[in-house]
There are 2 protein chains.
Amino acid sequence: MDFISHLSSNNIKPSVQRIKIFEYLYKNTNHPTVDIIYKDLVGDIPTLSKTTVYNTLKLFIDNGITSTFTIDGNEARYDAIMEEHAHFKCNDCGQLYDVEIEALKLKFSKLNDFQIDNTNIYLKGICNKCLTK
Amino acid sequence: MDFISHLSSNNIKPSVQRIKIFEYLYKNTNHPTVDIIYKDLVGDIPTLSKTTVYNTLKLFIDNGITSTFTIDGNEARYDAIMEEHAHFKCNDCGQLYDVEIEALKLKFSKLNDFQIDNTNIYLKGICNKCLTK
DNA sequence: CACTAAATTTGTAATGATTACAATTTTATA
DNA sequence: TATAAAATTGTAATCATTACAAATTTAGTG
């Protein structure tokens, strides 16, 4: 994955901050929060500001290379994997898992004449690790 | 629907505030926020405090007679309809719609050994009213 | 290479939802 | 009625996010 040309081809001028933040998000698929991203990158980019992380993520979202979601009303989480997938949160250990959706074409009644642009699914329960411990 | 006995049978002592708040939530299926609930009820209960609305909704959730969800990281929304359903938000007019899930048993890969307690689905797009105007 | 304008980054202050907490009021019980 | 427990309330604190203006960097031009 060439991050610079990925940004460029999505109309984002590749500054150091933008490259590092996108690279971080792409490699850390555990859906980090702004705070986690900031704390992990400020060692690399000592002048980094949290506002820049916010601005940059908003730019990524507006240009379609990042998505964001919220679980249980907590801080926003970010995701550079744009393929449709669901999220599972373990109520015991708190871990987030990515989940492929098999029944990709869900059917919703009364929505025949609605235009669905975005499907967002998250599940909660107990993960296999916590079940067997 | 007898709200008092519904509360009682779910181990919630039916105070005036609790009855009114639950009744409001049950009758207003548009998933109001704390602020909306508070502003609509403070005329009825002049001493009502917003903290009480928060406390009461938390109590309802802990006792399983209300659910809460968040869309786009905004304020929490509340729902007294506990049957499983999805939510649709129109990106144009902002209206929230309840949606029945036809394919109720979704299949998720890699989750055979996970225990799913809760399924949360919301869709975004354009509603039929906005499409035809 | 300097100069200027535009874009980007940054820090601080403001906002807004939610929670903590202690005081007050109400309810239940003896 | 007196007392304890529960519920409600108001205020202050917290925390994520946004607004905004200053500072820095980048790009383009002579």
Side-chain angles (χ1 to χ4, degrees), chain A residues 3-4 7-8 10-25 31-63 65-79 94 96, chain B residues 3-4 7-8 10-25 31-63 65-79 94 96:
Chain A
F3 298 111
I4 293 177
L7 293 177
S8 296
N10 283 280
N11 301 314
I12 297 169
K13 202 186 297 178
S15 70
V16 174
Q17 289 86 341
R18 290 170 180 179
I19 297 165
K20 294 269 188 186
I21 290 172
F22 189 81
E23 182 180 2
Y24 180 87
L25 205 55
H31 316 309
T33 63
V34 164
D35 201 60
I36 293 169
I37 297 169
Y38 172 77
K39 282 183 177 145
D40 279 358
L41 286 181
V42 76
D44 243 333
I45 316 165
T47 63
L48 186 63
S49 152
K50 207 179 265 190
T51 303
T52 300
V53 180
Y54 276 106
N55 291 341
T56 304
L57 290 169
K58 181 170 171 18
L59 185 72
F60 290 171
I61 290 164
D62 290 347
N63 289 68
I65 63 169
T66 293
S67 68
T68 182
F69 63 97
T70 315
I71 287 191
D72 297 340
N74 295 103
E75 325 129 81
R77 296 184 166 273
Y78 296 87
D79 196 343
L96 284 179
Chain B
F3 299 111
I4 294 177
L7 294 178
S8 297
N10 283 280
N11 300 314
I12 297 168
K13 202 187 296 180
S15 69
V16 175
Q17 288 86 342
R18 291 170 178 177
I19 297 165
K20 293 268 189 187
I21 290 172
F22 189 81
E23 181 180 3
Y24 180 87
L25 205 54
H31 314 310
T33 63
V34 164
D35 201 60
I36 294 170
I37 298 169
Y38 172 76
K39 282 184 176 143
D40 279 358
L41 286 182
V42 76
D44 242 333
I45 315 168
T47 64
L48 186 63
S49 152
K50 209 180 261 189
T51 303
T52 300
V53 180
Y54 276 106
N55 291 342
T56 303
L57 290 169
K58 181 170 173 14
L59 184 72
F60 290 172
I61 290 164
D62 289 347
N63 290 68
I65 63 170
T66 294
S67 68
T68 181
F69 62 98
T70 316
I71 286 191
D72 297 340
N74 294 102
E75 323 131 82
R77 295 184 168 272
Y78 297 86
D79 197 344
L96 285 180

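Just so we're on the same page: letters track the sequence lines, and every chain starts at 1. Computed from a predicted structure; not experimentally measured.
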Does [X] reach the main-chain N or O of [Y] with its side chain, forming a donor-acceptor pair under 3.5 Å?
{"X": "R77(B)", "Y": "F69(B)", "answer": "no"}
{"X": "R18(B)", "Y": "T56(B)", "answer": "no"}
{"X": "T52(A)", "Y": "L48(A)", "answer": "no"}

Rounded to the nearest angstrom, tell me the gap between atom [atom1] in [X] and atom [atom2] in [N].
{"X": "E75(A)", "N": "dA17(C)", "atom1": "CD", "atom2": "P", "result": "18 Å"}
{"X": "D72(B)", "N": "dG16(C)", "atom1": "CG", "atom2": "C1'", "result": "17 Å"}
{"X": "R77(B)", "N": "dA17(C)", "atom1": "CZ", "atom2": "C1'", "result": "13 Å"}
{"X": "I71(B)", "N": "dA17(C)", "atom1": "CD1", "atom2": "P", "result": "17 Å"}

Q) Using a heavy-atom distance cut-off of less than 4.0 Å, which residues of residues 34-57 of chain B contact DNA chain D? A) T47(B), L48(B), S49(B), T51(B), T52(B), N55(B)

Q) Heavy atoms, side chains only, cut-off 4.5 Å: are I36(B) and Y24(B) in contact? A) yes

Q) When rounded to the nearest 0.5 angstrom, what is the spacing between CD1 in I61(B) and OG1 in T66(B)? A) 6.5 Å

Q: Report the residues that fulfil side-chain contact (heavy atoms from CB on, under 4.5 Å) with S67(A), sequence neighbours left out, ordered by chain and then residue number.
A: D79(A), M82(A)

Q) V16(B): what forms a side-chain contact (heavy atoms from CB on, under 4.5 Å) with it, not counting sequence neighbours? A) K20(B)

Q) Between K58(A) and R18(B), which is nearer to the 5' end of DNA chain D once each is assigned its nearest nucleotide? A) R18(B)

N/O to N/O distances under 3.5 Å, protein versus nucleotides 24-28 of chain C:
none

Q: Name all residues meeting the ring pair (Phe, Tyr, Trp, His ring centres under 6.0 Å) criterion together with F60(A); count only those two or more places apart in sequence or in a different chain, and write none if there are none.
A: F22(A)

**Q.** 5' to 3' contact window, DNA chain D with chain B (heavy-atom distance under 4.0 Å)
**A.** dA6(D) to dT11(D)

Q) Of all heavy-atom pairs between V53(B) and I21(B), which one has the smallest distance, and what is that distance? A) CA-CD1, 4.1 Å

